[in-house]
**Student:** 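Mind having a look at this structure? Questions to follow.
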Protein chains: 2
Amino acid sequence: MKLTINDIAREAGVSIATVSNVMNNTGRVSEDTARKVKKIIEAHNYTPNISARKLKNKNSQLISVIVPYLKKGKFEDNPFFWQLLNGVENGAKDQRFNVMLTGVENDHDLTFINKQYLDGIIVIGLDEKTKLFKNIINLTIPCVFMDSYLTKQGIYQVYNNDLMGGYLATKHLLSLGHKKIVIVAGKLAEQGVDYQRCLGYRQALEEAGIVYDPNLIMDQGASIAGGYHAAQKIFSNQEKITAVFTLSDIGAMGLIRGLNELGLAVPEDISVVGYDDIIYSEYMIPSLTTVRQDIYQKGETAVQLLLDQINRKNNSNGKQIILPVELKIRESTARRE
Amino acid sequence: MKLTINDIAREAGVSIATVSNVMNNTGRVSEDTARKVKKIIEAHNYTPNISARKLKNKNSQLISVIVPYLKKGKFEDNPFFWQLLNGVENGAKDQRFNVMLTGVENDHDLTFINKQYLDGIIVIGLDEKTKLFKNIINLTIPCVFMDSYLTKQGIYQVYNNDLMGGYLATKHLLSLGHKKIVIVAGKLAEQGVDYQRCLGYRQALEEAGIVYDPNLIMDQGASIAGGYHAAQKIFSNQEKITAVFTLSDIGAMGLIRGLNELGLAVPEDISVVGYDDIIYSEYMIPSLTTVRQDIYQKGETAVQLLLDQINRKNNSNGKQIILPVELKIRESTARRE
DNA sequence: TAATTTTGATTAAACGATTAATTTAGAAGC
DNA sequence: GCTTCTAAATTAATCGTTTAATCAAAATTA
């Protein structure tokens, strides 16, 4: 049914070794023979069986993007991941790699990522202290960690300049005259992006001579519902809050909706800055001032870093790539009255 | 280095065949032996080499979701796909299947499918007339087609009741007194979902005794930018349009933004109905009246249908599953003044 | 007890590639 | 003409499983 190397060899009147040599350009075949074999390969659109090749060579042309889900069955509503996955898939395709998506829970055992099955993985937002991290490291397969600030030596990481993002957003709000700026964060784990963004926030405050008030940090969840619920808290807060820095655009979306329902207008009553610049931010009403990161490009970068690692296998010096961020000023922020 | 079945067999003092039989629960092994072997497998955390298994069995526990992209390098901005993929991944995980994502262009060669020994594929929104469709059919691997209305016998399909969705949305607008209702569609290919939704629209018009006017159908693209640009057209249209039925929520999002910029308020000046009920629709300002389909569940359903096919292999009767839709009435529609 | 069946294990042949070791055929050197 | 060298092809082993074909021992039957 399916063509094998034997079929090609038979038709070309050569041995399978020769066919293999032709395919792998080992230079051990005469030009004439090579041409003849190639023609037959072309004609039948033959491609070698990856499993067989892998059994010998130990590579599968398959990588996985690992998303530590909150819970099985729970839909992750941030389009961030989708955009990222598009970037990864696109970058991988260029080098004829395929991309798997795997959602895992935090204490998941990774037997399903059989060591011999994947050529590499990209892991998003993982903390070094988790069991999952240890399990992944133990796999000793090429790996790129994205959006986490890990201290372990010799690993590959990609993230945006989150500290700068936090700094820029806060500085912008400060420049508009805001003093009481709330942060609505996802989880503030020390190795997460939100922690860094908060550091940037604190740095900007400090430069402006404003005392950091931990009560203004809300650890609410980065989801759309998280933002929505934060509105209530902000509304009932005694202090006069005039600006909110939400560490995700979807959180900002929920927040603005929530504020509206409580009779607070954005930006007239409260200014809001988001984070990510997902595609919808530009089209929201009001359009969202936000810290832009190029998510698609981040995906491409990560896959590139991973494939580099896969190709020259024994280089384990590790590498960090920090991508730039940019403040996009739109309608959701205004001068404090 | 890596443990093989031989190591386990040696340590257990049995043959590799016995180890294999233990792993695959063939029932050909005595309880005592099985227990002994299992213990050793456990102790070493051994997992069989998938490539070897694949080579023998020609199955991979791997399926792919195929998204016919518009173009390579172009990011597909509809979160629909992400939600769907989450559903698929979740459903697949239950049965220990992994999920690949593949974006293909219309004339893409599909060799990767054989190479990876995919056990099955889910294809989204594909037209029967395309070359890609023919190529896929020729592969003769288990396949589920989603969101297309194909006429070929013996194939498996999953879609929502799009005709009903179109009907419900239109009926709702009619009941609010609207007469000139524009449709902003993606592509109106005969086998696509948008075509069906338009049929529903026409049916509702007919019941209300309103003549169908093809000039009111805009074939603008279902993207957010498509909706945005449609606003201009609607604005400059001479006829007094009071309502728009956008065949995607993100299109509606772009549209509402566009209308706003042109000084038209939703729903005061124009009512807008979307389609999909993505998670953001509820949080938009105004929140979006839309036809809800449970995308996550659709993903789960598709994967279930696919795995059924994979498991009892020779049943090729085909099957269609039609999932229900529901109208969600929110703020973006109002009675015509 | 001898013949037969059942049970539980082993042997060995695939699966489809890669590659080290080997063979063959010409060409070159003397 | 004989040896040596080189280029180009082949042979055969190997990767780690599954499974059909066997086989041996124990259990059952006559």
Side-chain angles (χ1 to χ4, degrees), chain A residues 1-38 40-41 44-62 96 111-112 114-119 141 313, chain B residues 1-38 40-41 44-62 96 111-119 313:
Chain A
M1 189 107 187
K2 172 119 191 284
L3 281 181
T4 76
I5 198 173
N6 285 290
D7 302 316
I8 303 297
R10 194 176 320 116
E11 183 160 341
V14 299
S15 72
I16 59 168
T18 299
V19 177
S20 177
N21 280 317
V22 169
M23 287 191 297
N24 297 301
N25 292 316
T26 56
R28 257 170 274 166
V29 184
S30 75
E31 290 216 348
D32 279 358
T33 317
R35 204 165 321 120
K36 183 174 62 178
V37 171
K38 272 181 188 156
I40 291 173
I41 289 178
H44 292 78
N45 209 357
Y46 161 78
T47 50
N49 178 311
I50 288 260
S51 297
R53 180 177 268 182
K54 155 114 177 144
L55 185 56
K56 252 302 191 176
N57 281 350
K58 300 173 195 313
N59 76 325
S60 63
Q61 302 289 105
L62 190 60
R96 310 197 147 268
T111 46
F112 69 98
N114 189 306
K115 185 182 198 168
Q116 307 224 1
Y117 190 55
L118 295 175
D119 284 348
I141 73 171
K313 292 178 176 167
Chain B
M1 189 110 186
K2 172 93 201 294
L3 282 181
T4 75
I5 198 172
N6 284 290
D7 303 316
I8 302 297
R10 193 176 322 114
E11 183 161 341
V14 297
S15 71
I16 60 168
T18 299
V19 176
S20 177
N21 280 318
V22 169
M23 287 192 298
N24 296 301
N25 293 315
T26 55
R28 259 170 272 166
V29 185
S30 75
E31 292 217 343
D32 279 358
T33 317
R35 205 166 319 122
K36 183 175 62 180
V37 172
K38 270 181 189 158
I40 293 172
I41 290 178
H44 292 77
N45 210 0
Y46 161 78
T47 51
N49 180 311
I50 298 227
S51 296
R53 188 176 261 182
K54 273 201 220 179
L55 182 56
K56 197 71 182 72
N57 284 349
K58 298 168 190 313
N59 78 331
S60 60
Q61 301 290 104
L62 188 61
R96 309 197 148 269
T111 47
F112 67 92
I113 291 179
N114 287 323
K115 280 207 282 198
Q116 292 291 354
Y117 271 131
L118 291 183
D119 285 346
K313 292 175 175 168

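Side chains are part of it too, since the values below use all heavy atoms of this structure and drop only hydrogens, waters and symmetry mates. Chain A is the first sequence line, chain B the second, and so forth, proteins listed ahead of strands; every chain is numbered from 1.
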**Student:** In whole angstrom, what separates A:Asn21's CG from D:dA8's P?
**Tutor:** 12 Å

**Student:** With the side chain of B:Ser30 defined as its heavy atoms from C-beta on, choose the nearest nucleotide among D:dT17, C:dA9, D:dT19.
**Tutor:** C:dA9

**Student:** Considering all heavy atoms of both residues, which atom of A:His44 and which atom of A:Leu3 are nearest to each other, and what is their separation?
**Tutor:** CB-CD1, 3.2 Å

**Student:** Expressed in angstrom and rounded to an integer, what is the separation of A:Ile50 atom CD1 from C:dA17 atom P?
**Tutor:**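 After rounding, the reported distance stands at 10 Å.
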
**Student:** Nearest-Å distance, CE (B:Met23) to P (D:dT17)?
**Tutor:**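 Distance check: B:Met23 CE to D:dT17 P gives 6 Å.
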
**Student:** Taking the minimum atom-to-atom distance to the side chain of A:Arg53, which one of D:dG16, C:dT19, C:dT18 wins?
**Tutor:**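 So the nucleotide nearest the side chain must be C:dT18.
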
**Student:** Think A:Tyr46 has a side-chain N or O under 4.0 angstrom from the OP1 or OP2 of C:dG16?
**Tutor:** no

**Student:** Compare side-chain N and O positions of A:Arg28 against OP1 and OP2 of D:dA8 and report whether any pair is under 4.0 Å apart.
**Tutor:**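 Answer is no, no contact under 4.0 Å.
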
**Student:** On DNA chain C, nearest-nucleotide positions of B:Gly27 versus B:Leu55: which is more 5'?
**Tutor:**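 Whichever sits nearer the 5' end wins; that is B:Gly27.
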
**Student:** Looking at C:dG16, D:dT18, D:dT19, which one has an atom nearest to any side-chain atom of B:Ala17?
**Tutor:**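 So the nucleotide nearest the side chain must be D:dT19.
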
**Student:** Check whether any side-chain N or O of A:Asn24 sits under 4.0 Å from OP1 or OP2 of C:dT18, and answer yes or no.
**Tutor:** yes

**Student:** Return the 5'-most residue of the pair A:Thr26, B:Lys58 with respect to DNA chain C, ranking by each residue's nearest nucleotide.
**Tutor:**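 Looking at DNA chain C, the more 5' nearest nucleotide goes with B:Lys58.
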
**Student:** Without decimals, in angstroms, what is the distance between A:Ile5 CD1 and C:dA14 C1'?
**Tutor:** 17 Å

**Student:** What is the distance from CZ of B:Arg10 to C1' of C:dT10, rounded to the nearest Å?
**Tutor:** 16 Å

**Student:** Calculate the interatomic distance between A:Ile16 atom CD1 and D:dA12 atom C1'; express it in whole Å.
**Tutor:**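 From A:Ile16 CD1 to D:dA12 C1': 9 Å.
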
**Student:** Is the shortest side-chain heavy-atom distance between B:Tyr46 and B:Ile5 below 4.5 Å?
**Tutor:**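 B:Tyr46 reaches B:Ile5 side chain to side chain.
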
**Student:** What integer distance in Å separates A:Asn57:CG from C:dC15:C1'?
**Tutor:** 16 Å

**Student:** Please pick, from C:dT10, D:dA9, C:dA9, the nucleotide with the shortest atom-to-atom distance to any side-chain atom of A:Val29.
**Tutor:** D:dA9

**Student:** Is any side-chain nitrogen or oxygen of B:Ser20 closer than 4.0 Å to OP1 or OP2 of D:dT19?
**Tutor:** no

**Student:** Classify the nucleic acid contact of A:Val14 as base, sugar-phosphate or nothing, counting any heavy atom under 4.0 Å across all strands shown.
**Tutor:** sugar-phosphate

**Student:** What are the two closest heavy atoms between B:Ala12 and B:Val37, and how far apart are they?
**Tutor:** CB-CG2, 4.1 Å

**Student:** Is A:Arg53 close to A:Asn24 at the side-chain level, that is, under 4.5 Å between some pair of heavy atoms?
**Tutor:** yes

**Student:** So if I apply the side-chain contact (heavy atoms from CB on, under 4.5 Å) rule between B:Asn21 and each of B:Ile16, B:Thr26, B:Val14, which one comes out positive?
**Tutor:**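 Filter result, single survivor: B:Thr26.
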
**Student:** What does B:Thr18 touch in the nucleic acid at a heavy-atom separation under 4.0 angstrom: a base, only the sugar-phosphate, or nothing?
**Tutor:** base

**Student:** Whole Å only: how far is the NZ atom of B:Lys56 from the P atom of D:dT14?
**Tutor:** 19 Å

**Student:** Within a strict 4.5 Å, meaning less than it, do heavy atoms of the A:Asp32 and A:Lys36 side chains meet?
**Tutor:**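 Sidechains of A:Lys36 and A:Asp32: no contact.
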
**Student:** Ignoring the backbone of A:Ser15, work out which of C:dG16, D:dT11, D:dT18 is nearest its side chain.
**Tutor:**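 Among C:dG16, D:dT11, D:dT18, the one nearest the side chain of A:Ser15 is D:dT11.
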
